[in-house]
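Predicted model, so just to flag it, every value in this text is computed and none were measured.
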Amino acid sequence: MKLTYRVEDGARLGALLWEFGPGWRMISSALLGGGIGPREWVLNAQVVAGYSRMDPVDHLLSLGPAGDGVGMLTAASVDRCVQASDGGVEAYATVGLRVPTWAAAPEGSADPELAPMRVGTINIVTVLPVAMTDAALVNAVMTVTEAKSQALIEAGFPCTGTASDAVCVAAPAEGPAELFGGPRSEWGARAARAVHAAVRQGAEAWRPRDFT
């Protein structure tokens, strides 16, 4: 993981880059490189809280390296990224809780997090050391999300996340593929514990003065 800085919109903003190279498959909800497929890198780029660009994919492409990758945006301070590991699984979380949100909210509920642009505030990158089927990758995303929400609630935040969180799970492309990624599967359980630890630490360290 490499941390770099740039000046944009009058602010000094960080970006985290994981360069995996060939031989990896990823599943992500990110704007750039979302879905399931071969990916070589992951970028988690910090932007200002009032981000208003209408070309976020092009913006991410300009910040990332060549080749196919995953690009996420966040208003959280990426230099406060928290890393945790469990049994060979690595989890990285940038946590911002400016607008904590329940997933199931009444219809018509206003959420300032969605204006003017959906910018992720809790972004999670999880790296597995074993190959996984498509179904197991989808299951792993569910597990990561559940572990995130558990950590936030335990840290005292009345929410399941924010309205624009993003997640990426990376796994080797070759090798015997795991069939399951749920929280009681071997690798899902390890991913859950790693993500829970990273998000819990990030949530407890969060301060409103960050405006994230």
Mind checking whether [X] and [Y] have side chains closer than 4.5 Å, heavy atoms only?
X: M1; Y: E90; result: no
X: C168; Y: T126; result: no
X: L73; Y: P56; result: yes
X: V99; Y: T162; result: no
X: V95; Y: V82; result: no
X: L152; Y: I122; result: yes
X: V141; Y: S29; result: no
X: W24; Y: P38; result: no

Which residues share a side chain to side chain donor-acceptor pair (under 3.5 Å) with [X], sequence neighbours left out:
X: D68; answer: none
X: R190; answer: E186
X: D58; answer: none

Between [X] and [Y], what is the shortest heavy-atom contact and its length?
X: A84; Y: A198; value: CB-N, 3.8 Å
X: N44; Y: N123; value: OD1-ND2, 2.8 Å
X: A163; Y: T101; value: N-OG1, 3.8 Å
X: M72; Y: A30; value: CG-CB, 3.5 Å
X: L60; Y: L31; value: CD1-CB, 4.3 Å
X: Q46; Y: A76; value: CG-O, 3.3 Å

Checklist entry - Is V78 reachable from V199 through a run of I, L, V, M, F, W or Y residues, each pair having side-chain heavy atoms under 4.5 Å apart? => result no

Main-chain N/O of [Y] paired to [X] side chain as donor or acceptor, under 3.5 Å:
X: W187; Y: G88; result: no
X: S28; Y: G35; result: no
X: R25; Y: L137; result: no
X: S77; Y: R80; result: no

Contacts satisfying side chain to side chain donor-acceptor pair (under 3.5 Å) that involve residues 136-154 (not counting sequence neighbours) are K148-D165, Q150-E154, E154-H196, E154-R200

CG of L97 to CZ of F157, rounded to nearest 0.5 Å, is 5.0 Å

Grouping ILVMFWY residues whenever side-chain heavy atoms fall under 4.5 Å, the cluster of F180 otherwise contains L179

What pairs of donor and acceptor atoms, side-chain ones from residues 10-21 against any protein atom, are under 3.5 angstrom apart with sequence neighbours left out?
none

